[in-house]
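Worksheet: one structure, shown below.
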Amino acid sequence: MDAQQLLLNRHSNPRLSEPAPNAEQLQLILQAGLRAPDHAMLKPYEFVVAQQQGLNRLGDIFYAAASANGEQGQALARARLLPTRAPMVITVIAKVKAHPKVPALEQHITAGCALLQMQQMAQALGLGGIWRTGSYARDPLVRQALGVDGDDEIVGFLYLGTPQKSLTPSTPKAVSDYCRLL
Ligand SMILES: Cc1cc2nc3c(=O)[nH]c(=O)nc-3n(C[C@H](O)[C@H](O)[C@H](O)COP(=O)(O)O)c2cc1C
């Protein structure tokens, strides 16, 4: 896929089915993540890949969080099923390292860039993806279960799979609405 077209047409796809990225595609996706811009080369992230039983384990974590938050009935049952909306979910965690010149914010941004890089690679491979967060990304129980503490953050859950139907990106916006000259 042409690089300009990929960048101009990046889009999310919430309707994702099997197959998940295969082993070769997953390597490319993760390698793309590792190419995120990174002040002082701290590699301040961790990618937690879930598929098959891993999706169930992530669902169990969401379920436990929902239960601890007092959810009941359908809302509680839904929590467990959230990760199964795609055949693969990569949780991207910003793992913040102490550094005299690189504040936590910059490390969070690097992890976010890594997630975007992975989404772009998935699209380049003909796969689909969507970046999600929601309350579980900030939930104390989810954080603890995934080994996220201190300034670490779950920057997102990247849902990946095969698009059920191809989507076109939304119409381009006027650059002038978001840009000014100094
Ligand atoms: C940090 C972040 C968190 C997001 N969380 C969610 C989410 O929890 N649920 C959701 O439907 N979309 C979420 N989105 C938005 C989608 O990823 C997507 O960007 C949006 O639906 C617009 O579609 P597009 O990427 O095709 O332009 C999030 C985006 C970002 C950058």
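Numbering of ligands and ligand atoms starts at 1, following listing order.
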Look only at the side chain of Gln51 and the backbone of Ala20, and say whether a donor-acceptor pair between them is shorter than 3.5 Å.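 No, because the side chain of Gln51 does not come within donor-acceptor range (under 3.5 Å) of the backbone of Ala20.
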Short question: side chain of Asp2, backbone of Gln4 - any donor-acceptor pair under 3.5 Å?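 Yes, Asp2 side chain to Gln4 backbone: donor-acceptor pair under 3.5 Å.
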Any idea which part of Ile130 is under 4.0 Å from ligand 1, heavy-atom wise: side chain, backbone, both or neither?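 Only the side chain of Ile130 comes within reach of ligand 1.
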Donor-acceptor side-chain pairing of Arg10 and Gln119 below 3.5 angstrom: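 The answer is yes; a qualifying pair exists.
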Determine whether Leu16 and Thr162 satisfy the following criterion, side chain to side chain contact (heavy atoms under 4.5 Å, CB included), listing intermediate values before the conclusion. CA-CA 5 Å; Leu16 300 165; Thr162 301; over 6 Å; no
Please compare Thr133, Val92, Asn13 and report which has the shortest non-hydrogen distance to atom 8 (O) of ligand 1.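 Among Thr133, Val92, Asn13, the closest heavy atom to atom 8 (O) of ligand 1 comes from Thr133.
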How many angstroms lie between CZ in Phe47 and CE in Met118, if you round to the nearest 0.5 Å?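 Answer rounded to 0.5 Å: 4.0 Å.
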Numbering the atoms of ligand 1 from 1, which are under 4.0 Å from a heavy atom of [X]?
{"X": "Arg10", "value": "24 (P), 25 (O), 27 (O)"}
{"X": "Gly134", "value": "8 (O)"}
{"X": "Ser12", "value": "17 (O), 18 (C), 19 (O), 23 (O), 24 (P), 25 (O), 26 (O)"}
{"X": "His11", "value": "26 (O)"}

Nearest-contact summary for atom 10 (C) of ligand 1 - protein heavy atom, Å: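 Closest protein heavy atom to atom 10 (C) of ligand 1: Arg132 NH1, 4.0 Å.
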Considering only protein heavy atoms, which is closest to atom 2 (C) of ligand 1, and at what distance to one decimal place?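 Nearest neighbour among protein heavy atoms for atom 2 (C) of ligand 1, to 0.1 Å: Trp131 NE1, 3.6 Å.
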What residue pairs, at least two apart or across chains, pass ring-ring contact (aromatic ring centres under 6.0 Å, His included) with a residue in residues 107-141?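 For residues 107-141, and leaving out neighbouring residues, the ring-ring contact (aromatic ring centres under 6.0 Å, His included) pairs sorted by first residue read Phe62-Tyr136.
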